[in-house]
Each structure stands twice: as structure tokens, then as C-alpha cells.
Amino acid sequence: LEGPLRGQKERQIDKNYLNEYHSAISCNGNAACLDYSPDSVMCPSSRITRENIHSPKGRSSLIREWLRLISLNPQKTVPQIIRKDLIKNFLSKFFNTMRKVKGEYDFSHEVYDSMVGCLVCKACVTQCPVNVDVPEFRSKFLELYHSRYFHPLKDYLIGSTESLGRLFSQMPWLINSILGLSFCREFLKNKIGLKDFPKYSPESLRKRLLNYDKTAFNIDDLYKLSPEESKNSVIILQDAFTSFYESQVVVEFYQLLKKLGFSVYVAPFHPNGKPLHIKGFLKKFRNVAERNIKWLTHVGGSGIPIVGLDPSIVLTYRDEYIKILGQNNLKIKVLLPQEFLMMNRDNCRKHSVKSMQNFEEYHLLGHCTEKTTAESALELWKDVFDLFGLDLMLISSGCCGMAGTYGHETEHYEESLGIYNLSWRKKIPDDPFYRHKILATGFSCRSQVMRFDGFRPLHPVQALLREVKSFV
């Protein structure tokens, strides 16, 4: 057989792209990503569509071909477009977008359709033998693609989740009422492309916390604490999802830590930038990351552990931040709740409820990013529950299908539901009596269960607080 081999084509790719897109170039076609077992965490979009272009292997192939084409046609490369002034750049985008609307062919549209179908669950990073990282080169592609074509409006709304959420969470009754109007829901669903928005917490986190602690967060005061006081202190780092939509979870985590004997400080909300990264706003994400890490480094200088609740946000500091800032490691580490609790085993053991008769064990469904980026994280939850004298079973499951904002996009609704039905729905008991023992670590996972099964699972820290309270 004669024909061009893969190596011959890849040698046409500009050398400047080889390192930047190393993850896509390194894909060797082993097809480990074509795993269709329902409880596998590997690539849910591939599992539900059964289409190669929606697998890490297919996405890597498309990126390589796209890089080859723009290498052979340098006048269309993005760096030249970015150099133009604002007006010329806008007009260029406008005419390019009009040609796209009229159906003019551009291979990058095929790549785009594949990339937006990715849930950004990051399973490919650890499950693939050669660690193909689709979310990384996906965000880079989207940045370049949207330097030629306009973002859809929903991308801007998703990208501003944190800034809008900070404002809207202060007037939940008004925003929830507006979002609950049928014409508003239809407009968002059919015109904007977003649906099933979660409701903002009826009471903001700041108001809830005032019931427990009216002391303002002051970094200078933290630096004045003695070593012993710092050792018995902890800082809760807010994220947009739990703070704005599930403020009760943050409050209950606060209460649990207080019961364990810690002085708890809730840091003011600072954007993490995760939604910006997902939609390819990398320049804005880099700016947010630089500001945030500067602030976190200052906070962490107090020597007090920093803990975040939502795994997808916490693990951003260990992956996306390191890559966007070009560092091997950050000066500070944001801990997951179970990591902090295991560091303080004695505090947990003092509140063991082992002497009580607990006939029912808890069942934990983990977040995809947590299962893949911090592989031992779920096992730590089992160890934490054991310290409290409680039984916890880790449920083997695939992706829930929400994956942050993916499930809220109208175009992905059917796939989101299909992914949920493949695994998670089968793990949810029909009997409401047993549902109170179902736990989920991810906000998006809890929201997906609420959307399709009508109840919101507890976060593990909520279950622990309830057990500790009932023992007192």
C-alpha cells in the first residue's frame, strides 16, 4: 500500500506548534479512550456519541491536521490577526463570522464542533497511556479560533459566571424570580443556548455567616497569631458554585470545623477563572490567575492551611494555574476538605460516633476531575469517615454528565441526560429513605442529580456534621 504516512504530514507542522501542542502530537492512536463501559471515567462524550471525533484520539487527530493546515497557510495564522488594531480585528471577525453563517467551508469549524463537545472532565489526562490532555489544547484552540470568529453570547455569560454570580447572589429573590419566568427560560434556552440554571441560595453566604461570626477577615490579624493559634486555625477559600448556589454547604463546613476545635476564617471571594479557561478566554484567565495567586500567596504566608470545597476549583490551582503561569509548582497549596481532615486525625477521632449503632453506610459518588486529577482523594474520604467511626462505600461510576456548564448548554442537553442515564441514574436508589445516604463531592454532580432525580445529595462534610451533632 502506498500513501502519505502520519509522520510525513506531521513534519509539515510548524516547529513552534510542536511543543505548545505536544499533548495532541504525542497521541499514538492506542484507542484506550474508546472505552464504552458505563462506569468508566474515560471520555464520556466518546461513550455517549460513539463517534471517533468526540474521543481524545479523534480530537488529537483533528488538532494535528488543523496545525498542519495553518502551518502551510501562514497568512491566516492567529498572531498576525491579533496584531491588527481593534477596529480592523473586529471587522475581520465580523466578515469571517458572516462567511461561516453563510456556510463557507473552513476546516477549523470541524475542529470546533469536536472541541465544544468535550466535557472538560480531564479523564483523558490520567486514563490515557500517553496522557493526552484534551482540555489543555482545547482551550488553546478556542482562543485561536475565536480570534477569527465571534464567541456565541453564551460563552460570555459562562465566562462571567463568577463576576455575575458575586452580584446576583446578593439579591437572590429578584434573580431567582426573573430566571423562573417561563418566557425568560425559553429565551435563554432557545436564543442564548442555556437552560436549567441552578437557583441562587435564598440567603447569601455573608449573611449566613454573620449568625456565627461577625469578625471581618483581616490578613494582618492572621499574621499576628502565635504558632499554636495558627496550628489550630484554617481558612476556607470560597468558590462561586458553593458560595453562590449552595451557601448552606459552606456554612455547614464552617460549623463542622468549629466543632472539631478549629478557629475558622472564611476568606472573601476572589474569582478563580475556571469558567474563562473552559471557554478559551486564556488572556483573561491568565490575568485572573496572576492576581489570584498573588493574593493567595499573601494569605498563605500566614502559615494557616487553606481549604476549598469544590474539587473542580481546588484542582485548578494544581493544574491549569501551573500551566498558564509557566511554573512547576505554586508557592501555596489549596487543600481538599478530606486532605485537611486527614492532616488533623486527632481532632476527628475525638468526635468519633463509633459507639453509636450505625447500620447504614454512606455511599459516595465522586467528581470526575477529583477521580482523575487527584486519584487518591476519594479513598481519603473513606479514611476520614473511618476516623469518625462511620462506614463509607465508594461507588464506581462514570461521569454525571453535567461537568460544570456543559450540561446547561442547550445543544448538549440530550448528551448530558444520556451520560447521566449510563451510570449515575443506576446508582441512585428509588426509595427516598435511602437517598439521604447518597453523597456527592461536586456541585455540578449534585445539581445534575437534582435536575434528573429530584433531590440534592449531601456533600460529605454535611453528612459528617449531622453525625457529630446527633452524637452530642
Side-chain angles (χ1 to χ4, degrees), residues 43-51 53-54 59 97-98 100-103 108-121 134-135 138-139 141-142 145-146 149-165 168 175-200 240-241 244-245 274-281 312 368 398-425 442-454 456:
C43 197
S45 61
S46 171
R47 194 158 58 252
I48 193 63
T49 64
R50 301 294 177 100
E51 295 180 13
I53 63 167
H54 290 297
R59 291 182 174 115
T97 303
M98 288 299 100
K100 175 184 176 180
V101 171
K102 291 178 181 179
S108 63
H109 299 331
E110 293 186 43
V111 186
Y112 176 79
D113 291 340
S114 173
M115 295 302 150
V116 296
C118 171
L119 281 76
V120 199
C121 66
V134 175
R138 172 188 181 274
S139 62
F141 167 79
L142 290 177
Y145 180 82
H146 288 301
Y149 302 98
F150 287 126
H151 278 274
L153 182 57
K154 65 182 174 65
D155 284 6
Y156 292 102
L157 291 177
I158 291 172
S160 60
T161 296
E162 295 176 307
S163 55
L164 288 177
F168 291 168
I175 302 302
N176 288 337
S177 298
I178 293 174
L179 293 177
L181 297 173
S182 57
F183 81 87
C184 183
R185 292 199 303 269
E186 288 301 308
F187 177 79
L188 288 169
K189 174 185 173 182
N190 299 318
K191 300 301 181 182
I192 305 299
L194 294 171
K195 63 178 298 177
D196 298 341
F197 277 96
K199 290 184 177 180
Y200 287 94
F241 304 109
F244 300 156
Y245 302 101
K274 176 81 172 182
L276 293 170
H277 185 275
I278 289 174
K279 288 304 178 181
F281 296 104
S312 67
C368 283
C399 180
C400 74
M402 178 60 81
T405 59
Y406 175 90
H408 289 299
E409 297 184 50
T410 307
E411 62 181 315
H412 298 143
Y413 176 81
E414 292 300 327
E415 287 82 3
S416 178
L417 173 59
I419 294 168
Y420 181 78
N421 288 337
L422 280 175
S423 180
W424 273 60
R425 175 154 275 166
F443 166 78
S444 58
C445 306
R446 295 190 294 275
S447 298
Q448 186 80 321
V449 175
M450 182 65 190
R451 176 160 74 155
F452 292 133
D453 269 310
R456 185 174 291 276

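Partners of Ser312 by side-chain hydrogen bond (donor to acceptor under 3.5 Å, both in side chains), not counting sequence neighbours, listed by chain and number: Asp310. For Ser108, the side-chain hydrogen bond (donor to acceptor under 3.5 Å, both in side chains) criterion is met by Asp106, not counting sequence neighbours. In this view, Lys195 satisfies the side-chain hydrogen bond (donor to acceptor under 3.5 Å, both in side chains) rule with no residue, not counting sequence neighbours.
Checked options Phe197, Tyr200, Phe168; the residue passing with Tyr245 is Tyr200 (criterion: ring pair (Phe, Tyr, Trp, His ring centres under 6.0 Å)).
Using a 30° and 60° split on the angle between ring planes, Tyr156 and Phe281 fall in the tilted class, from 30° to 60°. The aromatic rings of His146 and Tyr112 sit perpendicular to each other, their planes meeting at more than 60°, with 30° as the lower class boundary.
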Dump the intermediate steps for side chain to side chain contact (heavy atoms under 4.5 Å, CB included) on His277 and Val120, then the final yes or no. CA-CA 10 Å; His277 185 275; Val120 199; 5.6 Å; no
Evaluation steps, side chain to side chain contact (heavy atoms under 4.5 Å, CB included), between Glu162 and Lys274: CA-CA 9 Å; Glu162 295 176 307; Lys274 176 81 172 182; 5.5 Å; no
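The backbone N or O of Tyr149 sits nowhere less than 3.5 Å from a side-chain atom of Thr97 that would complete a donor-acceptor pair.
Here the SG-CZ distance, from Cys400 to Arg451, works out to 9.0 Å after rounding to the nearest 0.5 Å. The distance from atom CG of Leu194 to atom OG1 of Thr405, rounded to the nearest 0.5 Å, is 8.0 Å. Taken to the nearest 0.5 Å, the CG atom of Asp155 stands 11.5 Å off from the CD1 atom of Ile192. Taken to the nearest 0.5 Å, the CZ atom of Phe452 stands 7.0 Å off from the CE atom of Met402.
Across every non-hydrogen atom of Arg456 and Ser447, the tightest pair is NH1-OG, 3.5 Å.
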